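Below is one structure, written out as structure tokens; comments come after it.
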Amino acid sequence: MQRTFIIFKPDCIDKKHVGAVLGRFEQAGFSIIGLKMMHLTPALLRVHYAHVAHLPFFPRLEQFMSSRPVIVAALQGENVVARVREMLGPTDPKKAAPGTIRGDFGESGMINVAHASDSVENGILEIDRFFKPGEIFEIDPVALSAS
Ligand code: ADP
């Protein structure tokens, strides 16, 4: 069982696509183990986006992501990291196939609906970074299979 971290970006909330996107994850069989609305501070964004912080678009990305509250989620499931990245599609929605989340709802290379962890290690790190321990709810696989 893997875990991945999702951010529903401001455009997703503005356009009221949160339910549709979360619904796709649930229909794929993934379990929600954490969910909340929060404001991302520039300091948190500089850590989360450290791998692009040196690039020219970063100030605009920081402004966009901190401009209004986002919704963050932690999902659990088999191979959830790679499968959610596949469902999301590539960073630039223009290159994303119809049927992918970014292909269906994305606006631009920056305004692209959602973030999802790109590795199993980052899934664990990012959930830790954005959620407090009491905000993650363990799913007992035995209880799940009995229901
Ligand atoms: P992904 O979100 O697909 O993992 P990256 O980690 O490369 O992509 O980039 C993080 C975020 O930075 C993207 O989701 C997007 O919002 C923004 N971004 C990436 N590349 C560009 C770009 N060329 N121009 C503007 N924004 C970008």
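Small disclaimer: the values here were computed from a predicted structure and weren't measured. Order of appearance sets the numbers: ligands from 1, and atoms from 1 within every ligand.
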Can you measure from [atom1] ([X]) to [atom2] ([Y]) and round to the nearest 0.5 angstrom?
X: I136; Y: I33; atom1: CD1; atom2: CD1; answer: 5.0 Å
X: I111; Y: R60; atom1: CD1; atom2: CZ; answer: 8.5 Å
X: L125; Y: F130; atom1: CG; atom2: CZ; answer: 11.0 Å

Open item on the list: Out of all atoms in ligand 1, which are within 4.0 Å of some heavy atom of K9? Include the element for each.
Closed with: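 The list of qualifying atoms is 13 (C), 14 (O), 15 (C), 16 (O).
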In the protein, which heavy atom is nearest to [atom], and how far is it?
atom: atom 2 (O) of ligand 1; result: R102 NH2, 3.1 Å
atom: atom 20 (N) of ligand 1; result: F57 CZ, 3.5 Å
atom: atom 1 (P) of ligand 1; result: T91 OG1, 3.6 Å
atom: atom 9 (O) of ligand 1; result: V52 CG1, 4.1 Å
atom: atom 15 (C) of ligand 1; result: G109 O, 3.2 Å
atom: atom 12 (O) of ligand 1; result: L61 CD2, 3.4 Å
atom: atom 5 (P) of ligand 1; result: H51 NE2, 3.9 Å

Task: Heteroatom proximity flag, N112 to ligand 1, N/O under 3.5 Å - done: yes
TODO: Looking only at distances, please establish whether an N/O atom of ligand 1 is found under 3.5 Å from an N/O atom of Y49.
DONE: no
Open item on the list: Taking I7 as the starting point, is it possible to reach V21 by hopping between hydrophobic residues whose side chains are less than 4.5 Å apart?
Closed with: no
Task: Check: S31/Q76 side-chain N/O donor and acceptor closer than 3.5 Å - done: no
Task: F131 six-ring face occupied by K36 cation (under 6.0 Å, within 45°) - done: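 Here K36 passes the 6.0 Å and 45° test against F131.
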Task: Over all atoms of both residues, closest heavy-atom pair of V70 and F8 - done: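 That closest heavy-atom pairing would be CB-O, 3.4 Å.
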- [ ] Identify which of R85, H115, M110 has a heavy atom lying nearest to atom 4 (O) of ligand 1.
- [x] R85
Task: Steps toward side chain to side chain contact (heavy atoms under 4.5 Å, CB included) verdict (L75, I32) - done: CA-CA 5 Å; L75 303 179; I32 300 165; 4.0 Å; yes
